Amino acid sequence: MKTVTVHDPMFRRLSRNVLLRHGLMALLSAGIVLIFAAIHGEWSPMHRWNRALADASLVLVALSMGLGPLARLLRPAVLVLPYRRESGIYGCLLALAHAAIILVGWVEWDLMRLFGFEWHPELLSYVMFQHGFGLANAIGIAALLLAVLLATTSSDVAMRRLGVSGWKFLQMGVLPLWWLSVAHVAYFLFMHFLSFHRATPEPNPLQYWFVGLVVLVLGLRLAAYLKTIGGRRMPESQDEGAKHAPI
């Protein structure tokens, strides 16, 4: 029986097939959204799909963040490394759908409400009503704009036009995108429903799964970093001098 390795030509051809990658990632994205929609089945339809799209988007961004370190740690994972691009693109598409539901169903196209303001009929002006809501949405908008920029330049055409170094510099924006996304999601998972003027609902069941996902991504990136610097041995002359270098 033939043994399949990371050098197998068939697997390499499959991983380089852009249409196949998009098709598989679209199916994976739909599956993740449906799973989260089932978890949030008791919520109203607007909040159910709003949260399902947001949670699935975060998972795909985490996948994009984790595939690179995973491929550095486990050689067979090189086969799925090309999917990093599509996972980021579909994470962006789901985030756009999430934002659209927020605009239409939650704030009803009132951009002031998006930033935590509500209309006061006696004062005849907007007043700040939810401070954290506005700040979290501002962070989310920044993440979304960055995600759109990265998704629209995630192609070989963009790489050729920007140049490899310029393209790589731009794509490093995935790091601030990740942390902006984490901050945005953390607010709605842990803080949004703690207001004193309304009843506190049951804790979101995904709170600790979210923490685990963040820790997993950090662990993968840290392990890959340590493996990278551990593989770079200094020349003996530099190593000797390092013994006497100040700490």
Side-chain angles (χ1 to χ4, degrees), residues 18-68 70 80-109 111 114 133 136-155 158 170-171 173-190 192 204-207 209-214 216-217 220:
V18 177
L19 291 178
L20 177 63
R21 294 204 309 265
H22 275 281
L24 292 176
M25 192 55 64
L27 289 174
L28 177 63
S29 301
I32 297 174
V33 170
L34 291 176
I35 289 172
F36 283 124
I39 293 173
H40 302 311
E42 296 181 357
W43 295 12
S44 67
M46 187 276 290
H47 284 296
R48 179 188 183 188
W49 293 106
N50 154 41
R51 287 304 314 166
L53 289 164
D55 295 338
S57 175
L58 184 72
V59 169
L60 292 179
V61 174
L63 184 63
S64 181
M65 288 284 294
L67 282 179
L70 184 64
V80 295
L81 187 58
Y83 288 85
R84 179 170 53 178
R85 176 180 291 182
E86 282 71 27
S87 65
I89 291 173
Y90 282 87
C92 175
L93 292 176
L94 295 184
L96 285 170
H98 160 69
I101 292 178
I102 292 293
L103 283 173
V104 176
W106 196 338
V107 303
E108 299 175 334
W109 293 103
L111 297 183
L114 186 64
F133 184 73
N137 281 336
I139 292 172
I141 290 171
L144 182 60
L145 292 175
L146 184 54
V148 170
L149 175 63
L150 294 176
T152 54
T153 56
S154 291
S155 65
L170 181 62
Q171 291 297 311
V174 70
L175 293 172
L177 167 63
W178 167 247
W179 287 115
L180 287 170
S181 301
V182 166
H184 176 72
V185 174
Y187 168 78
F188 286 100
L189 280 179
F190 293 97
H192 179 67
N204 191 308
L206 297 177
Q207 285 180 339
W209 288 98
F210 165 77
V211 173
L213 181 66
V214 174
L216 176 62
V217 171
L220 283 173

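These numbers come from a predicted model, not from an experiment.
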Passes side-chain contact (heavy atoms from CB on, under 4.5 Å), L146 versus V174? Steps please.
CA-CA 8 Å; L146 184 54; V174 70; over 6 Å; no
### Message
Test side-chain contact (heavy atoms from CB on, under 4.5 Å) on H184 and N137; report intermediate values, then the result.
### Response
CA-CA 7 Å; H184 176 72; N137 281 336; 3.8 Å; yes
Notebook entry, point to check: side-chain contact (heavy atoms from CB on, under 4.5 Å) between I39 and R51: does it pass, once the steps are laid out?
Noted result: CA-CA 10 Å; I39 293 173; R51 287 304 314 166; over 6 Å; no
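Between F36 and W209, the ring centre distance reaches or exceeds 6.0 Å.
A donor-acceptor pair is defined here as one N or O able to donate and one able to accept, closer than 3.5 Å; no such pair exists between the side chain of E86 and the backbone of H22. A donor-acceptor pair is defined here as one N or O able to donate and one able to accept, closer than 3.5 Å; no such pair exists between the side chain of N50 and the backbone of I101. A donor-acceptor pair under 3.5 Å is absent between the side-chain atoms of S57 and the main chain of L53, judged by distance alone.
When all heavy atoms of G66 and L220 are compared, the closest pair comes out as O-CD1, 4.1 Å. Closest of all the heavy-atom pairs between L144 and A99 is CD2-CB, 3.8 Å. In plain terms, the two heavy atoms of L94 and L60 that are nearest each other are CD1-CD1, 3.7 Å. Here the shortest heavy-atom pairing between T153 and L149 reads OG1-O, 2.9 Å. Taking every heavy atom of both residues into account, M25 and Y90 meet most closely at CG-CD1, 3.5 Å. Minimum heavy-atom separation, A143 to S181: CB-OG, 4.0 Å.
Using cut-offs of 30° and 60° on the angle between ring planes, the pair F190 and F210 is tilted. Ring geometry for F133 against W106 counts as tilted: the plane angle lies between 30° and 60°, on a 0 to 90° scale.
Note that the CE atom of M65 and the CH2 atom of W178 stand 6.5 Å from one another [nearest 0.5 Å]. The CG atom of D55 lies 6.5 Å from the CG atom of L189; values are rounded to the nearest 0.5 Å. Between atom CZ of residue R84 and atom CD of residue Q171 there is a gap of 9.5 Å, rounded to the nearest 0.5 Å. Interatomic distance, L81 CG to L70 CG, rounded to the nearest 0.5 Å: 9.0 Å. Atom CD1 of I89 and atom OH of Y83 lie 13.5 Å apart (nearest 0.5 Å). Rounded to the nearest 0.5 angstrom, L63 CG and L213 CG are separated by 9.5 Å.
Between W179 and I139, the closest side-chain pair of non-hydrogen atoms is not below 4.5 Å.
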